[in-house]
Amino acid sequence: MSAPSAKLPPAAPLLAWYDRHRRVLPFRSQGGPGGGHPNPYQVWLSEVMLQQTTVAAVGPRFDRFLARFPTVEALAAAPEGDVMEEWAGLGYYARARNLHACARLVAGQGGFPRDAAGLRELPGIGAYTAAAVAAIAFGQPVVPVDGNVERVVARLAAEEAPLPGARPRLAALAGGFMEDPAARARPGDFAQALFDLGATICTPRAPACALCPWRGDCAAQQRGLQEELPRKAPKRARPLRHGVHFLLTDSVGQVLLRRRPPRGLLGGMLEVPGTPWRDERWGEAEAQDFAPLPGLSWRRVPGLARHGFTHFELEMVLLAAEIPALLPPDGMEARPLAEAESALPTVMRRLLHLPR
DNA sequence: AAAACGGGGCC
DNA sequence: GGCCCAGTTTT
């Protein structure tokens, strides 16, 4: 373990700025000098929700989740299907499965591990979340490195190597802040101060350098590189895939749904039954082989439903049919349309929103 | 090291 | 339409 070579600015100006300008957020407790540590369950829950998810999206969902599962014991005791349903629409559903598994481990152990290394062992907790919970909930002297912190540190140090290759170096650099006694005295506030700086001042585009507590200490700003950093490696193109889905309803407004396999894409979520998603379009006849019931006369719903995933774009055709009474085949279930809407992931909601 | 894994908001 | 977001897991 060697000291980082680049010089970091002092922590004190950032903490002073944070004490005046910190954001008030639903999932954030009072903090500040002398403030106690927040509830570890709530910190952990918010950090998992915030993985690749914006603060604005998490706010209301955090409150709703907490109302339904107020403690880690309550979450551990809940059926996994209830947790998946509560998570519907938030994306990255592996988070919800790991959250539930983690809750069961933590409840069984009588509480969360109090340091980053112990937290890191739990499902769904990687380097970032382990450090965030350790710093914010337990006051451990570590620096969680998220996209905000990478950006801030890349600019402070004028790091020109592109992400994700530069990640280890930026993380080591960020860790150097804990050698400053001012940061070490308030690790949770320091972490959140970096988040707030990245979210409100040191933004991805058009950073407000004139308002930055570190404006005199930033190598990127001194060189006019603040808009260019951090650099990013080029991304792969997203292919277009195709599917055909079958909306089977009954005379009392129920719809037939299927539970997806527990792992992989949309793992454990409900879906409108359909064909696999593949590169080529489906012909009418071959798609019929995947209908949930044979021998029905399906009508084509006009239009196409589109949805973008991280790594591919999906174009879906919807076929509809109605029968008097649904008797769900093995692995499927019938749900009232309104209830199905809230339990389904967004890609499936798009099908229900096609004009019918 | 690279790919898989959602969804929404902003320009 | 591309970029970004309080990343983690699997291959």
Side-chain angles (χ1 to χ4, degrees), chain A residues 22-23 25-28 42-62 84 87-99 101-102 119-137 142-152 162-168 171 174 188 190-200 202-207 227 230-241 260-261 263-269 271 277 306-314 344-350:
Chain A
R22 69 192 187 84
R23 293 174 292 172
L25 303 174
F27 43 84
R28 179 184 277 178
Q42 295 183 19
V43 173
W44 163 68
L45 174 62
S46 66
E47 291 303 338
V48 173
M49 280 192 173
L50 286 159
Q51 289 167 9
Q52 296 296 289
T53 306
T54 56
V55 163
V58 165
R61 300 300 299 265
F62 175 80
M84 300 310 292
W87 203 268
L90 270 177
Y92 284 122
Y93 298 97
R95 290 186 296 174
R97 279 184 280 110
N98 286 330
L99 192 82
C102 184
L119 290 160
R120 179 66 184 81
E121 301 300 310
L122 293 166
I125 298 188
Y128 163 77
T129 305
V133 174
I136 298 169
V142 289
V143 179
V145 182
D146 71 336
N148 287 308
V149 178
E150 284 179 348
R151 183 172 60 254
V152 169
L163 291 170
R167 193 156 288 155
F190 185 77
Q192 295 176 91
L194 284 174
F195 302 158
D196 283 14
L197 189 75
T200 64
C202 197
T203 49
R205 284 169 308 215
E227 301 263 14
R231 301 193 196 286
K232 304 255 185 175
K235 306 185 170 176
R236 285 201 341 168
R238 289 191 317 182
L240 177 62
R241 292 186 185 164
R260 292 178 63 89
R263 323 277 273 224
L265 184 67
L266 302 168
M269 298 301 290
E271 68 174 353
W277 298 332
R306 277 185 148 266
H307 184 72
F309 289 96
T310 315
H311 51 300
F312 66 94
E313 185 85 14
L314 180 63
L344 287 171
T346 299
V347 58
M348 292 294 142
R349 294 180 194 182
R350 303 225 193 275

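Each chain gets a letter, A, B and so on, in the order its sequence line appears, and its residues count up from 1.
Listed by chain and residue number, A/Asp279 satisfy the salt bridge (charged side-chain N to carboxylate O under 4.0 Å, His left out) test with A/Arg241 (two or more places apart in sequence, or in another chain). For A/Tyr128, the side-chain hydrogen bond (donor to acceptor under 3.5 Å, both in side chains) partners at least two apart in sequence or on another chain are A/Glu47. The salt bridge (charged side-chain N to carboxylate O under 4.0 Å, His left out) search around A/Glu227 returns none, not counting sequence neighbours. Annotation: side-chain hydrogen bond (donor to acceptor under 3.5 Å, both in side chains) contacts of A/Thr129 (sequence neighbours excluded): A/Gln51. With sequence neighbours excluded, the residues forming a salt bridge (charged side-chain N to carboxylate O under 4.0 Å, His left out) with A/Arg306 are A/Glu313, A/Glu315, listed by chain and number. Applying the salt bridge (charged side-chain N to carboxylate O under 4.0 Å, His left out) test to A/Arg260 and every residue at least two apart in sequence or in another chain returns A/Glu271. For A/Thr346, there are no side-chain hydrogen bond (donor to acceptor under 3.5 Å, both in side chains) partners, not counting sequence neighbours.
Taking the C1' atoms as reference points, B/dG6 lies 15 Å from C/dC3, given to the whole Å. Separation of the P atoms belonging to B/dC11 and C/dA6 is 15 Å when rounded to the nearest angstrom.
One atom, OH of A/Tyr128, and another, P of C/dA6, lie 9 Å apart when rounded to the nearest Å. Put simply, CG on A/Asp196 is 14 Å from P on C/dC5, counting in whole angstrom units. For the pair A/Phe195 CZ and C/dA6 P, the interatomic distance rounds to 9 Å; values are reported in whole Å. Between the P atom of C/dA6 and the CZ atom of A/Arg22 lies a distance of 17 Å, rounded to the nearest Å. Taking atom CG of A/Leu163 as the reference point, atom C1' of B/dA1 lies 15 Å away to the nearest angstrom. For A/Phe27 and C/dA6, the CZ to C1' distance is 8 Å, given to the nearest whole Å. If you measure from atom CD of A/Glu313 to atom P of C/dG2, you get 9 Å, rounded to the nearest angstrom. Nucleotide C/dC5 holds its P atom 9 Å from the CD atom of A/Glu150, rounded to whole Å.
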Query raised in the report: When every nucleotide of nucleotides 5-11 of chain B is labelled 5' to 3' by its protein contacts under 4.0 Å (heavy atoms), B for base, S for sugar-phosphate only, - for none, what sequence of letters results?
Result: BBBS---
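Contact annotation: A/Arg151 side-chain N/O to C/dC5 OP1/OP2 distance is under 4.0 Å. Not one side-chain nitrogen or oxygen of A/Thr129 sits closer than 4.0 Å to the OP1 or OP2 atom of C/dA6.
Residue contacts for A/Leu314: at a heavy-atom cut-off of 4.0 Å it reaches no nucleic acid atom on any strand shown. Among the heavy atoms of the strands, none lies under 4.0 Å from A/Ser46. Within 4.0 Å (heavy atoms only), A/Pro144 reaches no atom of the nucleic acid at all. Using a 4.0 Å heavy-atom cutoff across all strands shown, A/Ala127 reaches sugar-phosphate atoms only and no base atom.
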Pull out every protein N or O sitting under 3.5 Å from an N or O of nucleotides 9-11 of chain C, one pair per line with the distance.
unit_1: C/dT9; atom_1: OP1; unit_2: A/Gly124; atom_2: N; d: 2.4

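Under the 4.5 Å side-chain criterion, counting only non-hydrogen atoms from C-beta, A/Phe62 is not in contact with A/Leu50.
With 3.5 Å as the limit, one finds a donor-acceptor pair spanning the side chains of A/Thr53 and A/Arg95.
We find the CZ-CG distance between A/Phe195 and A/Leu25 to be 11.0 Å, quoted to the nearest 0.5 Å.
For A/Arg23 and C/dA6, a side-chain-to-base donor-acceptor distance below 3.5 Å is present, hydrogens and geometry of angles not being considered.
Residue A/Arg238 is the one, among A/Arg238 and A/Asp146, whose nearest nucleotide of DNA chain C lies closer to the 5' end (criterion: closest heavy atom).
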